[in-house]
Amino acid sequence: FTIKDSKLYTRTIFSAPFTKRATFLTSRNQVRINGSSALFSNRRLRGKEDSYTVSYLEPVAGTFDFYLRDSRGLTPKAEYLQLPDSLPESVRALSVMLTAGYSNPYAACTKISEYLTRNQTYTTHPGDVPAGKDFVDYFLFENKRGYCVYYATAMVVLARASGYPA
């Protein structure tokens with residue numbers, strides 16, 4: 001795909017997972033990659049004069065499973081299934097209810113995502129989580145308001161509570 005005429009003025013190069021190559025249509029820019037495989041320009045991009053093309057491998061079903069497996073490729077890595085011992089039973093019960101009947105991890109996690117979209121409200125001002133309350137439990141059952149960190153945290157916890165690595 002080609003990014004051109006962007007209104008963003010940034011050094012970040014927007015790309016897809018499994019990027020093979022990013023090239024600029026102008027020669028003034030160079031691409032560098034950080035330790036997290038994120039792509040950056042050597043200078044700030046300036047709209048349409050700094051268009052670029054990204055080549056990537058198109059993922060197929062199961063592509064991301066590799067990153068979730070142990071070194072022998074057998075079972076999910078333990079860190080992708082970890083949950084605190086103090087996780088409220090209400091969160092575990094919701095997870096089981098949402099994913100019951102799904103053996104496909106993608107379908108189960110899509111169900112969790114749909115639930116969050118339908119039942120929580122996005123806001124950049126959700127207020128503070130009261131002292132002593134579990135963050136995810138409070139977001140799911142009481143406040144029901146949050147921003148991207150709230151949704152991502154709830155998504156991961158609910159997936160892990162159902163046995164899906166996240």
Side-chain angles (χ1 to χ4, degrees), residues 1 3 6-19 22 33-41 44-45 54 56-166:
F1 62 88
I3 306 289
S6 172
K7 304 287 188 253
L8 299 174
Y9 296 94
T10 178
R11 289 178 187 248
T12 303
I13 298 172
F14 297 95
S15 63
F18 306 106
T19 296
I33 189 166
N34 72 6
S36 300
S37 299
L39 302 173
F40 296 92
S41 171
R44 190 172 296 280
L45 304 179
V54 175
Y56 61 96
L57 298 172
E58 193 164 329
V60 294
T63 302
F64 295 102
D65 288 352
F66 171 78
Y67 295 102
L68 302 175
R69 302 280 169 198
D70 69 11
S71 60
R72 295 165 296 163
L74 299 177
T75 58
K77 291 181 181 177
E79 64 261 33
Y80 296 114
L81 293 169
Q82 290 179 335
L83 288 169
D85 293 335
S86 62
L87 185 69
E89 186 54 40
S90 56
V91 175
R92 292 179 192 277
L94 176 62
S95 177
V96 169
M97 183 205 61
L98 291 173
T99 61
Y102 292 99
S103 59
N104 177 318
Y106 180 80
C109 290
T110 297
K111 181 71 172 177
I112 293 169
S113 177
E114 290 170 355
Y115 175 86
L116 294 172
T117 300
R118 277 194 320 273
N119 293 283
Q120 313 315 115
T121 301
Y122 189 93
T123 179
T124 56
H125 304 288
D128 294 330
V129 177
K133 291 276 188 177
D134 179 81
F135 180 86
V136 173
D137 187 72
Y138 184 71
F139 172 60
L140 291 173
F141 301 110
E142 294 182 52
N143 191 23
K144 298 188 177 191
R145 297 179 306 132
Y147 48 88
C148 53
V149 172
Y150 288 67
Y151 283 83
T153 303
M155 181 75 199
V156 167
V157 169
L158 289 169
R160 288 180 179 187
S162 287
Y164 298 112

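Numbering of residues begins at 1 and proceeds along the displayed sequence. Reckoned from all heavy atoms, side chains included, excluding hydrogens, waters and symmetry mates.
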Here the side chain to side chain donor-acceptor pair (under 3.5 Å) pairs for residues 113-129, sequence neighbours left out, are none
Between L140 and A154 the two heavy atoms that sit nearest each other are CD2-CB, 4.2 Å
Heavy atoms of G146 and P126 approach each other most closely as CA-CB, 3.8 Å
By side-chain contact (heavy atoms from CB on, under 4.5 Å), A108 pairs with (sequence neighbours left out) T99, Y102, Y164
* Report yes if the side chains of D134 and V129 come closer than 4.5 Å at any heavy-atom pair, otherwise no. => no
dist I112:CD1 -> T110:OG1 (nearest 0.5 Å) comes out at 9.0 Å
Those residues at least two apart in sequence (or on a different chain) that pass side-chain contact (heavy atoms from CB on, under 4.5 Å) with V149 are Y147, T153
Exercise for review: For side chain to side chain contact (heavy atoms under 4.5 Å, CB included), just list the numbers for F141 and L94, CA-CA rounded to whole Å, side-chain angles, deciding distance to a tenth of an Å, and then say yes or no.
Suggested key: CA-CA 10 Å; F141 301 110; L94 176 62; 3.8 Å; yes
Across all chains, not counting sequence neighbours, the side chain to side chain donor-acceptor pair (under 3.5 Å) partners of K133 are E142
### Query
For the residue pair F139 and Y151, does the interplanar ring angle fall in the parallel (under 30°), tilted (30 to 60°) or perpendicular (over 60°) class?
perpendicular
The complete set of side chain to side chain donor-acceptor pair (under 3.5 Å) pairs with one or both residues in residues 86-95, sequence neighbours excluded, reads S90-D137, S95-S162
Original post:
Do other residues, nucleotides or ligands put more than 12 heavy atoms under 6.0 Å from the OH atom of Y106?
Top reply: no
